[in-house]
Amino acid sequence: MKQIKLILVLLVVGVLTTSCNDEDNTIPTAPVASKTITNLAALQDTDFTQNPPAITGDFTKFSFKTGTIVTDESWDIAFRGTTILVNGGAKVGGLTNEPERTGNAALYVHSGIFSDVTTVPEDASFAQDASGSYALPTGSDNGWYNYAGPPTHLISPLAGKVIIVKTIDGNYAKLEILSYYKDNDPSKADNARYYSFNYTYNPNVGDKSIQ
């Protein structure tokens, strides 16, 4: 009888030990962050005395990890005028003040409603900048915006365009551009080139949930 009791005690201890070990090996997950950025300056200077006009100015670098503008190489995407770069691939070329690509970030433009995109689509085709081409195409109706032309010259975000980014750290984020004008007011020319956008960022590497 004592031997049977001893066996039962050892079995219970073994189960508890295994359970504790399982709990110890569990990697906690951090929540997906959701944030709105308002009036991010993406300014540029244009010299119209040259043909074609010469555009200069530093790109504004943004990190999803910190949720802020950065000045080092920890950026994921960068803005200047209507152009958006990704920190992966190679220089496009032909741009003044173009930053080096030091990371392995990539992006994909998905057609859908921002709130409905809860995970990275299985068929997502991520792209990086390359010589002569942008991961996020430029030009009216090619990427994220429409250009109305004269007389208004209005830049409007295309409805239903969700930019999904794989960051330099291997995390995932989604981005929805809301406005290209400071305080969403296009009535003044000086208000142009100020981005406002919503985004979510998953701090758990490899986790494709972006709800």
request  = Please check if any side-chain donor atom of T49 sits under 3.5 Å from a side-chain acceptor atom of D47, or the reverse.
outcome  = yes

Donor-acceptor side-chain pairing of S74 and D72 below 3.5 angstrom = yes

task = Please check if the side chain of W144 supplies one atom and the backbone of V162 the other of a donor-acceptor pair under 3.5 Å.
result = no

Those residues that, when tested against K35, pass salt bridge (Lys or Arg N to Asp or Glu O under 4.0 Å) (two or more places apart) = none

key: More than 12 heavy atoms from other groups under 6.0 Å of NZ on K61   = yes

Exceeds 12 heavy-atom contacts within 6.0 angstrom, atom NZ of K91 = yes

Exercise: do S111 and K161 side chains pair donor with acceptor under 3.5 Å = yes

inquiry  = Tell me if a side-chain donor or acceptor on T96 pairs with a main-chain N or O of I55 at a distance below 3.5 Å.
reply    = yes

inquiry  = Could you go through T138 and T82, starting from their C-alpha distance and side-chain angles, then the distance that decides it, and tell me whether this counts as side-chain contact (heavy atoms from CB on, under 4.5 Å)?
reply    = CA-CA 7 Å; T138 59; T82 57; 5.8 Å; no

query = Are the side chain of K174 and the backbone of V117 linked by a donor-acceptor contact shorter than 3.5 Å?
reply = yes

task = Check whether any side-chain heavy atom of N39 sits under 4.5 Å from a side-chain heavy atom of D183, and report yes or no.
result = yes

query = Would you say T46's side chain and F48's backbone share a donor-acceptor pair under 3.5 angstrom?
reply = no

key: Side-chain donor-acceptor pair present, E73, N87, cut-off under 3.5 Å   = no

inquiry  = Is it the case that over 12 heavy atoms from other parts of the model lie below 6.0 angstrom from the CG atom of L43?
reply    = yes

task = Say whether N198 and T36, considering side chains only, have a donor N or O and an acceptor N or O under 3.5 Å apart.
result = yes

message = Taking the side chain as everything from C-beta on, heavy atoms only, tell me whether Q128 gets closer than 4.5 Å to L107.
response = no

message = Could you check whether any side-chain heavy atom of Y195 comes within less than 4.5 Å of a side-chain heavy atom of L178, counting everything from C-beta outward?
response = no

task = Could you give me the CA-CA distance, side-chain angles and deciding distance for F62 and F64, then say whether ring pair (Phe, Tyr, Trp, His ring centres under 6.0 Å) is met?
result = CA-CA 7 Å; F62 185 82; F64 288 106; 5.4 Å; yes

message = So, using salt bridge (Lys or Arg N to Asp or Glu O under 4.0 Å) as the criterion, who are the partners of D129 when residues are at least two apart?
response = R101

message = With no hydrogens and no angle check, just 3.5 Å: does a side-chain donor-acceptor pair link N202 and N171?
response = no

